[in-house]
Amino acid sequence: MRRNWKRIQPTSLRDALRLCKDYALEKKRYTVERIADLMDVSADLLYKWLSTGRMPASSIPAYEHICGINFATRWLATSAGFLVIAAPTGRDATAADMQVLQELLHTAVGNLLKFYDRRADADTALAGIQQAMEGLAWHKVNVEKNDQPEFEFTEEQA
């Protein structure tokens, strides 16, 4: 069964690094050995970083670029108390955008109800809240930028 990568919230740096690896394997078919080769480090060293969660900060951007997702950067920011949102461009929201936001809000409230009823753990509730807040923050900035949309380049203009 495929994961819904947009809904996953890492719970630790080690979890974030492993999620990046899993994403690279599923989406790009990159093994740990291939990622290590592209990073110009040994596979043993990369396995060590993944098992301990102690990757040097200077290696994280390259690792995430190779893997194709930024779970470690997002975890570092959220663990410091920041909301992480993709930079909105001021485009009109679609019905699908609204459905995604509604789903995030519904899931967050459901997780809270389960948590207070002792049927869900704190990590699950916090992940749902974080995702809902990030979804709302994206729409907030998108609405603010709607009057001044950024340029949308096509392939011909690039």
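All figures in this text were calculated on a predicted structure; none of them were measured in a lab.
- Around the CZ atom of R54, the shell of radius 6.0 Å holds no more than 12 heavy atoms that belong to other residues, nucleotides or ligands.
- Counting heavy atoms from C-beta outward, F115 and D123 have side chains that stay 4.5 Å or more apart.
- By the rule that hydrophobic residues join a cluster once side-chain heavy atoms approach within less than 4.5 Å of another member, I35 and L45 end up as members of one cluster.
- In plain terms, the two heavy atoms of L38 and Y30 that are nearest each other are CD1-CE1, 3.7 Å.
- Here the CG atom belonging to N111 is positioned 9.5 Å from the CG atom belonging to L126, to the nearest 0.5 angstrom.
- Residues E134 and Q130 have side chains that bring a donor and an acceptor to within less than 3.5 angstrom of each other.
- Under the 3.5 Å distance criterion, with hydrogens and angles disregarded, a donor-acceptor pair is assigned to the side chains of T73 and E64.
- Side-chain contact check for V84 versus T78: some heavy-atom pair is nearer than 4.5 Å.
- Side-chain contact between R34 and I66 is absent, with no heavy-atom pair separated by less than 4.5 Å.
- The environment of K48 atom NZ is sparse: at most 12 non-hydrogen atoms of other residues, nucleotides or ligands sit within 6.0 angstrom.
- Remark: L19 CG to Q9 CD distance equals 10.0 Å, nearest 0.5 Å.
- In this structure, the ring-ring contact (aromatic ring centres under 6.0 Å, His included) partners of Y23, at least two apart in sequence or on a different chain, are W5.
- Other residues, nucleotides and ligands contribute at most 12 non-hydrogen atoms within 6.0 Å of the NZ atom of K140.
- Expressed to the nearest 0.5 Å, how far CD of Q131 lies from OG1 of T107 amounts to 8.0 Å.
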Step-by-step side-chain contact (heavy atoms from CB on, under 4.5 Å) determination, L104 to R7 = CA-CA 9 Å; L104 290 172; R7 302 282 184 262; 3.8 Å; yes
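- Here the side chains of W49 and P56 are in contact, with some heavy-atom distance below 4.5 Å.
- Separation of atoms CG (L105) and CD1 (I129) is listed at 11.5 Å; rounding is to 0.5 Å.
- Here the straight-line distance linking atom CD of E33 with atom CG of D44 works out to 9.0 Å at 0.5 Å rounding.
- The nearest pair of heavy atoms linking D15 to P10 is OD2-CA, 3.2 Å.
- Panel note: side chain D97, backbone T94; a donor-acceptor pair is recorded below 3.5 Å.
- For S79 (side chain) and W75 (main-chain N/O), a donor-acceptor pair under 3.5 Å exists by modelled atom type.
- A salt bridge does not link D117 with K114: none of the charged nitrogens is closer than 4.0 Å to a carboxylate oxygen.
- No side-chain heavy atom of F71 sits under 4.5 Å from any side-chain heavy atom of R18.
- Between V32 and Y47 the shortest side-chain heavy-atom distance falls below 4.5 Å.
- Between L13 atom CG and M55 atom CE the span is 8.0 Å, to the nearest 0.5 Å.
- Here the shortest heavy-atom pairing between R14 and T52 reads CD-C, 4.2 Å.
- At a threshold of 4.5 Å between non-hydrogen side-chain atoms, the residues I60 and L76 count as touching.
- Residue R3 comes nearest to I8 through the heavy atom pair CD-CD1, 3.6 Å, listed as atom of the first residue, atom of the second, then distance.
- Hydrophobic clustering (side-chain heavy atoms under 4.5 Å, transitive across Ile, Leu, Val, Met, Phe, Trp, Tyr) keeps L136 apart from V141.
- Taking all atoms of both residues into account, the shortest heavy-atom contact from A108 to A132 is CB-CB, 3.8 Å.
- Contact record, G135 with L101: C-CD1, 3.8 Å, taken as the closest heavy-atom pair.
- Contact annotation: the side chain of E103 never approaches that of Q99 to less than 4.5 Å [non-hydrogen atoms, C-beta and beyond].
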